[in-house]
Number of protein chains: 2
Amino acid sequence: MSQDGIDLETSVGYLLKEASAALRAAMEDVLRPLGMTVTHYSCLELLAQRPGLSGAELARGAFVTRQSMHVLLQALERDGFVTRPAEPAVGKALPARLTAEGRRRLDAASAAVRGVEVRMLAGMDAADQEHALRCLRSMVGSLRDQRASEDR
Amino acid sequence: MSQDGIDLETSVGYLLKEASAALRAAMEDVLRPLGMTVTHYSCLELLAQRPGLSGAELARGAFVTRQSMHVLLQALERDGFVTRPAEPAVGKALPARLTAEGRRRLDAASAAVRGVEVRMLAGMDAADQEHALRCLRSMVGSLRDQRASEDR
DNA sequence: TCCAGTGTGTCAGAATCCTGACATGAGTCA
DNA sequence: TGACTCATGTCAGGATTCTGACACACTGGA
């Protein structure tokens, strides 16, 4: 078998993907009864914490392209969960904001997602969680540096 | 702002998604010059470590549906990287195996991906990595238990 | 023996997301 | 002022993935 390759059982990268997939599946399970998708929820949650974000900024925060966020925002606006000015006040960016209805929908979804996260962290004490946060931030930072150094 | 919602800066779930997205982007960057996609690579790596896996098993290991893995396997077989018997020896499962050419392709890709993982873990010592592995395994386990208890 | 349950391969259609491209507005610098 | 770069919104097309469905094969219990 020529011991090269990456051992899946001890690969941080594989575990990372596995955990992310499991989290996404669990979120889909609790969001489906609410008629929401994960990207749906991510967009609303971002807007709640940082009102006035533009479509491109929301896309970066939700890890999708701005084209995908564009169609999502159109749907959210059509359904009355989000409002955007008809014309940009400055530049081209259209700052989006939650409507009262959007906030209501988000509150239900947010509670469900928080439940998922709590259950995900069961079995880990506060020190473990703090350490996990530091490790994840370190990984993100290292990957970003590496990517930037390849000028792209 | 009514302090509900999930603080994105301190949410393990958000960081998890961010790290996973960054890892995937970095892998795409190094695999693109080799003419491979991440799912492509995942399938080959899985087969190298566990020869004879069926399409459904590969799908679970690569976190896609078995329908998606089905079309991927057709392409890999057409390109001569993977072989499968024309008829199942037992049951319906068709055990897949890497060809010599597939193994060659994988070796190059595997080295590139290992480089990404090494750079991702830069700044973390052995103890940190071991701790991160335990945390990730704990999260996966908790999420799976929760999902199983809802019988689906 | 029969039969329900589970796992697998496969086909067809739909939904989702991305790549490519274009035009516009703002900032920078010579 | 004008050229250049960068970020944004938007449209069109294509690629990828998923959902739904069907048929078949093994297993275990009634």
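Chain letters run A, B, ... following the sequence lines, proteins first and then strands; every chain starts at 1.
Residues B:L23 and B:E117 are not in side-chain contact: their nearest non-hydrogen atoms beyond the backbone lie 4.5 Å or more apart. Between A:L16 and A:L136 there is a side-chain heavy-atom pair separated by less than 4.5 Å.
If you check every strand for non-hydrogen atoms under 4.0 Å, A:V64 touches sugar and phosphate atoms only.
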Protein-proximity profile, nucleotides 1-16 of chain C, B/S/- by nucleotide at the 4.0 Å heavy-atom cutoff, equals ------BBBBB-----
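Where A:T65 and A:V90 meet DNA chain C, the nucleotide closest to each residue was compared, and A:T65 sits on the side nearer the 5' end. Where A:G91 and A:M69 each meet DNA chain C at their nearest nucleotide, the meeting point lying more 5' is that of A:M69.
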B:V140 vs B:R137, test: side chain to side chain contact (heavy atoms under 4.5 Å, CB included). Steps then yes/no. CA-CA 5 Å; B:V140 172; B:R137 287 207 191 95; 5.8 Å; no
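Shown here are the ring-ring contact (aromatic ring centres under 6.0 Å, His included) partners of B:H131, two or more places apart in sequence or in another chain: A:H131.
Interatomic distance, OG of B:S54 versus CZ of B:R60, reported as 6.5 Å (0.5 Å rounding).
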